[in-house]
Every structure is written in C-alpha cells, then in structure tokens.
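Here the structure is a predicted model, which is why all the values come from computation and not from measurement. In what follows, chains carry the letters A, B, and so on, assigned in the order in which the sequence lines appear, proteins first and then strands, with residues in each chain numbered from 1.
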Protein chains: 2
Amino acid sequence: MTRSRAGSRPTMRDVAAAAGVGLKTVSRVVNGESGVTPATAERVRAAIAELGFRRNDSARLLRTGRTASVALLLEDLGDPFSSALSRAVEEVARARDCLLFAGSSAEDPRRERELALAFCARRVDGLLIVPAGDDHRYLLPETASGTPAVFLDRPGAGIDADAVLSDNAVGARAGVRHLIRHGHRRIGFVGDLPQIHTSTERLRGYREAMAEAGLPADERWIATGPTDRATVARAVARLTDGPDAVTALLTGNNRITLAALHHLPTGAGRPALVGFDDLELADLLAPGLTVVAQDPAGLGTTAARLLFDRIDGDRGPARRIEVPTRLIARGSGETPPAAG
Amino acid sequence: MTRSRAGSRPTMRDVAAAAGVGLKTVSRVVNGESGVTPATAERVRAAIAELGFRRNDSARLLRTGRTASVALLLEDLGDPFSSALSRAVEEVARARDCLLFAGSSAEDPRRERELALAFCARRVDGLLIVPAGDDHRYLLPETASGTPAVFLDRPGAGIDADAVLSDNAVGARAGVRHLIRHGHRRIGFVGDLPQIHTSTERLRGYREAMAEAGLPADERWIATGPTDRATVARAVARLTDGPDAVTALLTGNNRITLAALHHLPTGAGRPALVGFDDLELADLLAPGLTVVAQDPAGLGTTAARLLFDRIDGDRGPARRIEVPTRLIARGSGETPPAAG
DNA sequence: CTGAAAGCGCTTACAG
DNA sequence: CTGAAAGCGCTTACAG
C-alpha cells in the first residue's frame with residue numbers, strides 16, 4: 001500500500017500521482033468518459049485498486065450543484081403508516097439514483113422545523129413532509145430558492161405547496177354509509193383532536209353520510225380529543241351507554257381503533273365497528289375488523305413522483321392530489337344493531 | 001431582493017458583498033464565533049435576512065472532513081421490525097446532530113452492496129447494516145479507510161466487524177421450555193431457510209430445549225424453508241397431521257406465525273402456539289398470541305451507540321452483543337396438549 | 001489523447 | 001477586530 005496518510009482516504013490526486021497521470025485523466029476513467037488510451041486507463045485502474053480509492057460523491061455533488069438526495073420528514077418513522085410510506089418513496093427515489101434522508105418530527109412542530117431546515121442546509125434536492133406543525137412559512141425562503149416541498153397526509157399551512165392526501169372525507173362517508181346499509185341509525189364518531197386536518201375531514205365525511213341518509217348526527221355521538229387509551233376508553237363508554245347509546249362506531253384512526261377494541265364489550269352486545277386505517281391481523285380477529293384502509297404506499301409513490309416532477313423543473317401551480325381509500329368488510333362493520 | 005441570480009441560492013460571498021465585509025466575517029457571524037463588533041455583526045445579519053441566506057452544510061462538511069450523517073441499511077424499511085429499529089437509531093443519531101440516510105436491500109445481496117457502497121461514497125460517518133448477503137468482504141476497503149460498520153440482526157460474513165443480535169437461541173429455548181412446562185412433549189418447529197443465521201440459531205434453541213428435557217426432536221417435526229403462505233401452510237399441515245402429529249408449535253418468525261395463524265384449525269383441536277416476534281393486535285386475538293418478543297428498539301439503540309463509539313475512535317476488537325428477547329404469555333402457548 | 005487552471009461554498013491557518 | 005489566501009475533493013471549461 002502506498003497510501004499518503006494511513007486512516008485517511010486516498011483522493012483522485014493520490015491516484016493520479018500513483019499512476020503518473022493528471023488529475024483529469026483519473027476523473028475520466030472513474031466516470032467512464034471516453035478519450036483515454038486503454039493502456040493509460042489500465043494504469044489508472046491499477047492505482048485505484050491498489051490504493052482502495054472510492055470517489056467522494058459529496059465532493060462531486062458540491063461541484064455539480066445537486067445532491068442526488070431527498071428528505072422524508074415523518075411524524076414517526078416507527079409507525080406502520082410511516083414505514084409503508086417510506087418504503088414507497090424509497091423505491092421512486094431509487095429509480096432516480098437518489099438517496100433518502102429520513103427523520104421523525106415526533107409530532108413536535110419545533111422539531112419538524114429544525115429537521116426540515118437541516119435537510120435544506122444539506123441542500124437536498126427536495127423535501128417530503130408529513131407536517132406536525134400548523135405554520136410552514138419558515139419554508140418560504142427555501143422553496144423560493146428552488147428546494148421544492150411536497151406535503152403528505154396533511155396540507156402545509158401558510159405556504160402554497162403541493163399536497164398529497166388520503167380522501168379522508170370520502171373514506172369516512174363510505175364507512176358510515178356501510179354501517180347505515182347494515183341497518184344502523186345511531187352511529188358514533190370517535191376522532192382525533194379537532195385541530196388535526198385529517199380528523200376534521202373524517203368528521204366531515206361522517207356528517208355528510210348521516211345527512212344524506214336523513215339521520216341526525218347528535219353531538220353526543222361525536223367525540224374528538226386526545227387518542228390515548230384512557231381518553232378513548234371514556235369516550236367509547238360515554239357513546240355506548242345509556243338510552244341513546246349508539247349501535248355502531250366509526251373510529252377515526254389506528255390508535256383510536258385499537259383503544260376501542262380493547263374497551264368495547266365482546267360478544268352480542270358489542271356495537272358494530274368500522275375503523276379508519278387498516279391493522280395487521282385485522283382479518284384474524286373475531287369478528288374480523290372492517291376498515292377504511294388508507295394506501296400509504298400510494299401516498300408515498302404519488303408524492304415522490306410529484307416531487308421529482310418539481311425537481312425536474314415543473315413550475316405549474318400547486319397541486320392537491322387525493323389518494324383513494326378502500327372499504328374492507330371483514331365482519332365488525334356488518335353486525336346488525338342490537339335490539340333497543 | 002438583491003440576489004445575484006434568481007433561483008440559485010445566495011452564498012457567503014454574496015452576503016459578504018451585500019454587507020460590505022469580508023467572507024471570513026460572514027463565516028464568523030454565521031457560526032457564532034467571537035471577535036466581531038456588534039455593529040458589523042448586525043450589518044451581516046441584515047444581509048443574511050435580506051438575501052435569505054442559509055449556510056450550505058454540504059460544503060462546510062466537505063471542508064471539515066466529516067459528514068454528520070450515518071446510513072442505515074435495512075432489509076425492508078416498510079416492515080414493523082425495521083421501522084421500530086430505525087426509530088431508535090434515529091434518536092441516538094439526533095442526540096449527536098447526525099442525519100440519517102435510510103435504505104432497503106429488499107433482501108437482495110447485490111442491492112445491499114450497491115447501497116452500502118453508495119453510502120460509503122457519500123462518506124457517511126458510519127454504516128449500520130441488516131445484512132441480506134452472505135459475503136461482506138466488499139466492505140473491507142471501506143472499514144480499513146475508517147468508515148466503521150456495525151451489523152444488526154445478523155452478523156456480517158467475511159469481515160471482522162461488530163454485530164448486535166437478538167439472543168435467538170436463548171429466546172427459542174425459552175419458548176419451547178414454556179410449551180414443555182404446559183405439558184407438551186411433541187413440539188414442532190417451523191423456521192425460515194436454513195442459510196439464514198437467525199433461523200439456524202432459533203432452531204438450535206429449539207433443539208437445546210428438547211434435549212435438556214430429554215425429549216426427542218423428531219426430524220419430521222422440523223420444517224425449514226421459504227416463508228410464503230403456501231409453503232408454511234403445507235408445513236403446518238404436515239406437522240399437525242397423522243398419528244405423530246405435534247401438539248404444539250414454535251413458529252420461527254413473524255411471517256411464519258401469520259401464515260400459521262391463518263391455516264391452523266380454530267377451537268379445541270388447535271395446537272398450542274408460540275411465535276417468534278411480537279405482532280400488533282396479538283393481545284386481541286382469541287386466544288391471545290404467546291410470543292418470544294424481540295426488542296427492535298433495543299437492537300437499534302445498542303447498535304447506534306456502538307457505531308458512534310467507533311466513530312469516536314474506539315479501535316477495540318470487534319464486539320458481538322446479544323439483546324435479550326422476552327417471552328410474553330397471552331394464551332396460545334398455555335393450552336394443554338389435545339388428547340391423543 | 002491529456003492535463004493545468006479555475007471554481008463549487010465553505011473553513012482553516014495566518015497575517016495584519 | 002477583520003480579511004486575503006489556500007484548500008477540502010471533485011468537475012467544468014479550456015488549451016495543448
């Protein structure tokens with residue numbers, strides 16, 4: 001080994017010296033450019049192998065002006081929704097030889113901002129954001145400087161940017177219609193905090209379905225708030241108790257559905273249930289869990305494609321794309337209303 | 001706006017010109033270094049605000065020699081195990097102001113290699129790998145050049161590197177002991193392909209538990225192979241049928257457990273079941289699913305800490321750390337053997 | 001076919 | 001307190 005300094009990596013300059021050629025010739029060989037005699041190329045390749053040289057892409061990209069990377073900012077990289085979405089984004093990025101930075105905001109707006117700006121400082125080619133905060137004006141200088149951003153799952157606020165969303169209202173409406181079709185009239189909705197966009201949209205779908213069927217949507221049948229187990233348990237208990245108790249429930253997301261499943265009575269007295277978001281094992285429960293399934297992979301793929309269109313120079317007006325949800329009937333949403 | 005060129009980002013040089021100061025003074029203000037009069041600093045800050053300047057960290061890091069990023073190479077970013085692991089790694093990285101590249105090998109050794117080398121070419125400070133291939137000599141030049149690698153879930157091959165693994169044999173042994181304790185004597189094992197390290201280790205644990213209880217481990221009770229639904233269904237049918245049918249099963253991973261749950265008879269005739277890997281909703285099944293749970297977050301945290309120790313200069317011999325698994329009894333593993 | 005010079009956007013080492 | 005020069009490891013634009 002003729003390494004200049006041990007522990008530090010050889011550079012093109014080292015290779016050039018070892019092969020007795022100019023820097024540019026090494027660059028030509030490394031990049032497969034034409035105009036190098038086979039003999040010279042061979043000498044260069046030998047030097048590369050001997051030194052264990054690998055081109056520093058960070059340096060190359062600095063010169064080139066792009067970074068061949070995009071950033072994906074999620075709520076929580078560890079939840080199934082985020083991870084299915086990430087996987088789809090990765091696949092699109094990969095087809096473009098683009099690497100992926102990933103990070104979680106942990107639902108903290110300040111952390112979202114810090115991470116997003118850190119990615120911008122690295123000069124990622126584009127940004128995919130599942131927003132936690134409700135003010136994204138901090139991104140205005142970045143998008144104005146040419147770093148496109150696409151919002152996912154929820155729209156950005158205070159910024160005119162692309163957004164790729166589930167058709168939340170349509171999906172919730174479909175879920176409630178399904179319950180109505182199975183004979184339910186008193187249907188409850190348990191949702192997330194009202195300041196969350198998806199929560200509001202799903203509640204809107206619930207109201208629309210009730211209205212179009214000529215059913216009242218009694219405010220006592222609607223509960224929105226934190227989604228921890230205890231709070232949801234109380235909400236479920238309230239809605240399913242007393243003379244005006246609901247006979248069916250639409251639960252507004254994954255966590256709420258899980259909490260409800262734990263606290264709902266089992267057996268004949270159990271209200272019908274449709275959950276928003278699919279769950280692993282949902283088909284193995286008894287009865288199987290009927291859900292309005294989102295398509296996280298579809299969201300990821302759509303958003304990533306849109307982002308790359310922007311990176312490629314699409315300057316059209318901001319778009320909002322809705323990705324369809326799908327009702328999957330498995331049993332829990334098809335039980336008839338209990339007598340009463 | 002006095003931007004030099006629209007669409008392209010302002011640089012420190014632009015800021016310096018706008019503020020009428022030298023480049024180095026801008027650098028001082030941006031980095032919060034001392035030795036700038038308040039008045040000068042104020043002029044610089046005004047120029048920064050007016051131009052919408054944000055320091056290019058990629059350029060800074062090129063000069064500095066590190067990249068403040070690590071790469072996480074998973075089997076599939078979209079599966080729950082990977083995503084829980086990623087989340088833990090991210091948290092450790094974040095505490096070090098380090099960004100995270102993430103990628104999936106999709107269990108393709110060639111893709112693993114491509115991605116790993118692409119990360120090395122970006123000069124990540126370190127590499128975390130859940131290996132797909134069984135030959136990692138391609139990494140030798142990289143680790144020799146000072147990019148540390150830590151293997152996760154399975155050890156690397158052909159390279160003397162750190163590895164952080166689940167205590168697979170111990171966990172499987174605990175699962176089988178649990179079944180024995182509940183009266184089972186004929187216990188089956190359905191595992192992944194024998195060339196997979198975790199599969200072999202879990203099978204070893206199974207054999208150890210049988211041996212220490214003085215029970216035969218009839219080869220007809222052991223099935224290893226692909227983990228698609230159909231293959232597992234056939235294996236389960238074979239093991240649970242006939243006069244020598246097993247009364248209990250240890251399923252060697254998540255996918256196998258799911259397939260088994262779909263194909264096992266329900267009700268009284270169902271064999272007892274312990275699954276390796278926990279599943280969401282496992283406690284809502286009837287009976288609840290008894291599992292040997294891995295600790296993906298623990299794996300991620302441990303591996304990330306080890307990696308940063310290496311990045312910080314720890315040159316000690318390669319370590320192998322085993323992260324404990326945990327038996328969670330929920331019902332399916334506590335049913336007594338069916339008469340016969 | 002080959003290579004010296006300049007530059008990507010910063011920081012480092014140094015001089016005033 | 002301030003800044004001009006050199007350099008991180010490459011590519012670009014150009015000249016031989």
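A salt bridge between Glu33(B) and Lys24(B) is present, with a side-chain N of the basic residue lying under 4.0 Å from a carboxylate O of the acidic one. With salt bridges taken as basic N to acidic carboxylate O contacts below 4.0 Å, one links Arg111(A) and Glu90(B). Ion pairing between Asp314(B) and Arg319(B) holds under the 4.0 Å rule for side-chain N and carboxylate O.
Sorted by first and then second residue, the pairs that involve residues 149-160 of chain B and meet side chain to side chain donor-acceptor pair (under 3.5 Å), not counting sequence neighbours, are Glu75(B)-Arg154(B).
Listed by chain and residue number, nothing satisfies the ring pair (Phe, Tyr, Trp, His ring centres under 6.0 Å) test with Phe53(A) (two or more places apart in sequence, or in another chain). Every side chain to side chain contact (heavy atoms under 4.5 Å, CB included) that Ala163(A) has, sequence neighbours left out, goes to Phe151(A), Pro155(A), Leu165(A).
In this model, the phosphate group of dT2(D) is approached by a side-chain N or O of Thr37(B) to a distance below 4.0 Å at OP1 or OP2.
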Report all side-chain donor-acceptor pairs from residues 115-128 of chain B shorter than 3.5 Å, counting only partners two or more places apart or in another chain.
| unit_1 | atom_1 | unit_2 | atom_2 | d |
| --- | --- | --- | --- | --- |
| Arg122(B) | NH1 | Thr67(A) | O | 2.9 |
| Arg122(B) | NH2 | Thr67(A) | O | 3.4 |
| Arg122(B) | NH2 | Ala68(A) | O | 3.0 |
| Arg123(B) | NH1 | Cys120(B) | O | 3.1 |
| Arg123(B) | NH2 | Arg54(A) | O | 2.5 |
| Asp125(B) | OD1 | Thr67(B) | N | 3.0 |
| Asp125(B) | OD1 | Thr67(B) | OG1 | 3.4 |
| Asp125(B) | OD2 | Ala68(B) | N | 2.8 |
| Asp125(B) | OD2 | Ser69(B) | N | 3.4 |

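One can place CG of Asp57(A) at 11 Å from C1' of dG9(D), the figure rounded to the nearest angstrom. Between the C1' atom of dA4(D) and the CZ atom of Arg13(B) lies a distance of 11 Å, rounded to the nearest Å. The separation between Arg54(A) atom CZ and dC10(D) atom P is 12 Å, rounded to whole Å.
Scanning all heavy atoms of the two residues, the minimum distance from Arg87(A) to Ala106(B) falls at NH2-CB, 3.7 Å.
Checking dC10(C), dC1(C), dG3(C) against every side-chain atom of Asn56(B), the shortest atom distance belongs to dC10(C).
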> Reading nucleotides 11-16 of chain D from the 5' end, what letters show protein touch, with B for base, S for backbone sugar-phosphate only, - for no heavy atom under 4.0 Å?
Replying inline: BBB---
> Which string of ( ) [ ] | and . matches DNA chain C, if you list each base 5' to 3' and count Watson-Crick or G-U pairs only when both distances are under 3.5 Å?
Replying inline: |||.||||||||.|||
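Ser58(B) comes within 4.0 angstrom of no nucleic acid atom, judged by non-hydrogen atoms across all strands.
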